[in-house]
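Notes to accompany the following structure.
All of these numbers come straight from a predicted model, not from anything done at the bench. Note that these values count all heavy atoms, side chains included, but never hydrogens, waters or copies made by symmetry. The first residue of the sequence shown is numbered 1, and numbering continues consecutively from there.
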Amino acid sequence: MNAQDKDSAMANVRSVYFGKLLRDVMFESLGGYTKELIFIDDFQSYIQQQTFLSLPDLVMIEVDENPEWFNQVSFIRNHPILNHLIVVLIGTTENADWRKKALQVRANDYYLYPFPPSDFISRIAFLVKFKAVKPNVLEISAKMQERYTIPVSKRVFDIIASGLALLILSPLFIIIAIMIRLESKGDIIYKSKRVGAGYKIFDFYKFRSMRSGADKMVAELSSLNQYANEGNKNGKSAFVKFTNDPRITRLGKILRKTSIDELPQLINVFIGDMSLVGNRPLPLYEAEQLTTNKWSSRFNGPAGLTGLWQISRRGKKEMSESERKELDNYYANHYSIFLDFKIILKTIPALIQKEEV
């Protein structure tokens, strides 16, 4: 790789270094080449704080005086989102057993100091250029879908219940469709990509309650996000809910107030994208924020039309982002047919929201 290619490959690299023995050396060697070089003291804390958008490209870990290095690399390699990160181990003492373990845990390379800085930089540049450094949600979806299967009893109940509901509510569907078309231009059914159980990505259906092009206005309205003050260290919040959303049409306000806009999701339930009860499937830009083990476990449970969040404190301004995540995780870890029936019975009183969110 020539110098120009090397500089180009390294220019946008975000790197993290864990260790103390060679910090000064690594700063002198890499400081002027990478976009960002962060030195960390607490590996677990740093990893848990990262989101899909803040992940580094390169993780360097010292093996000397670090008995946890094998577990740290194993954690990265076994994580569905982190496993694409470039991991380079650095030591000061030759140890054949460590090198063998490094191969077992699939570290990208193992360097023994001292080494020529130019060789090290060339190797990193090669890895950055030719390795898939960061996965996207589509790649995650392909890996995770195989790990989740909805219980047969739950699926049978979903098919019967959603099928009957669609049949009974079909006249209402027709009336709502006519009203939407008369009020504003645009599609009757709003379709968007959502992330559900096992990071499965599917087309999510709702009656359109907003003006056309509403999705493009999310960034402009970020100050109205009720979760805006609970973002991660980069200012990003995992959930997006606008108070008194100006994008909503007059009819849309009624549809949302009564939750009628959600009825087309019965189609999602019937075809198997969702279940009647589960965690709400998230838009891609929200799902990308939930990548740490602590919060990504919400995707280990079924996506649903209604769930604990809806019956607990939906529409209330004091529902914090952390509380919502906790509810999602609780359902993913404890869902059962009995809990589902309990949630269904409590859903009807919760349909009338107290706030427009």
Side-chain angles (χ1 to χ4, degrees), residues 1-79 81-134 232-236 291-292:
M1 183 179 293
N2 60 43
Q4 184 177 358
D5 288 341
K6 180 170 66 177
D7 291 343
S8 176
M10 295 291 289
N12 294 313
V13 172
R14 301 178 67 251
S15 54
V16 170
Y17 189 88
F18 178 70
K20 296 181 179 180
L21 294 177
L22 302 174
R23 282 194 176 190
D24 292 340
V25 173
M26 298 310 297
F27 179 77
E28 293 178 3
S29 299
L30 288 178
Y33 286 91
T34 62
K35 178 180 180 180
E36 181 178 73
L37 176 58
I38 300 175
F39 295 96
I40 59 175
D41 295 315
D42 188 332
F43 176 87
Q44 196 65 29
S45 176
Y46 172 80
I47 290 295
Q48 290 291 351
Q49 291 175 11
Q50 301 313 299
T51 72
F52 184 91
L53 301 179
S54 67
L55 288 174
D57 304 299
L58 166 66
V59 178
M60 295 170 284
I61 301 176
E62 284 186 7
V63 295
D64 297 87
E65 300 182 9
N66 177 20
E68 291 297 314
W69 70 265
F70 184 85
N71 293 332
Q72 290 165 351
V73 181
S74 296
F75 176 83
I76 292 175
R77 287 297 178 244
N78 292 325
H79 195 285
I81 291 139
L82 305 178
N83 61 15
H84 281 258
L85 300 182
I86 294 173
V87 179
V88 174
L89 299 175
I90 299 175
T92 61
T93 305
E94 181 60 60
N95 188 309
D97 185 50
W98 287 357
R99 285 189 177 275
K100 183 178 180 180
K101 287 184 176 180
L103 289 173
Q104 292 175 351
V105 82
R106 304 193 312 280
N108 293 100
D109 217 327
Y110 187 110
Y111 270 81
L112 189 65
Y113 184 81
F115 47 78
S118 59
D119 290 351
F120 184 77
I121 292 170
S122 294
R123 175 59 175 163
I124 299 301
F126 174 85
L127 291 172
V128 169
K129 187 172 183 180
F130 295 102
K131 294 280 291 183
V133 178
K134 285 186 179 179
N232 55 45
K233 67 177 185 177
N234 297 310
K236 299 284 188 179
T291 60
T292 63

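Contact record, G91 with V63: CA-CG2, 3.6 Å, taken as the closest heavy-atom pair. Pairing each heavy atom of D42 with each of F18, the nearest pair is N-CE1, 4.2 Å. L21 and D64 make their closest contact through CD1-CB, 3.6 Å (heavy atoms, listed as atom of the first residue, atom of the second, distance). The heavy-atom pair separating L85 from R77 by the smallest distance is O-NH1, 2.9 Å.
With salt bridges taken as basic N to acidic carboxylate O contacts below 4.0 Å, none links E62 and R23.
Taken from OG1 in T92 to CG in L112, the straight-line distance is 7.0 Å, to the nearest 0.5 Å. If you take OH on Y111 and CE on M60, they are separated by 12.0 Å, rounding to the nearest 0.5 Å. Here CH2 of W98 is found 8.0 Å from CH2 of W69. Values are rounded to the nearest 0.5 Å. In this structure, CG in N95 is found 8.5 Å from NZ in K101, a value given to the nearest 0.5 Å. Taking OG of S15 as the reference point, atom CG of D57 lies at 8.0 Å (rounded to 0.5 Å).
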Exercise for review: Begin from the C-alpha positions of V59 and Q72 and carry the test side-chain contact (heavy atoms from CB on, under 4.5 Å) through to its verdict.
Suggested key: CA-CA 11 Å; V59 178; Q72 290 165 351; over 6 Å; no

Point to revise | Full working for side-chain contact (heavy atoms from CB on, under 4.5 Å) between L103 and Y110 | key: CA-CA 9 Å; L103 289 173; Y110 187 110; over 6 Å; no

Exercise for review: Let me see the working for Y17 and L22 under side-chain contact (heavy atoms from CB on, under 4.5 Å), right down to the final yes or no.
Suggested key: CA-CA 9 Å; Y17 189 88; L22 302 174; 3.4 Å; yes

**Study point:** Test side-chain contact (heavy atoms from CB on, under 4.5 Å) applied to E65 and K20, step by step
**Key:** CA-CA 9 Å; E65 300 182 9; K20 296 181 179 180; over 6 Å; no

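D109 contributes no side-chain N or O that, together with a main-chain N or O of V88, makes up a donor-acceptor pair within less than 3.5 Å. Under the 3.5 Å distance criterion, the side-chain polar atoms of R14 are left unmatched by any main-chain donor or acceptor of L37.
The aromatic rings of F39 and F27 lie tilted to each other, with the angle between the two planes from 30° to 60°.
Looking only at side-chain heavy atoms (C-beta outward), I90 and F115 come within less than 4.5 Å of each other.
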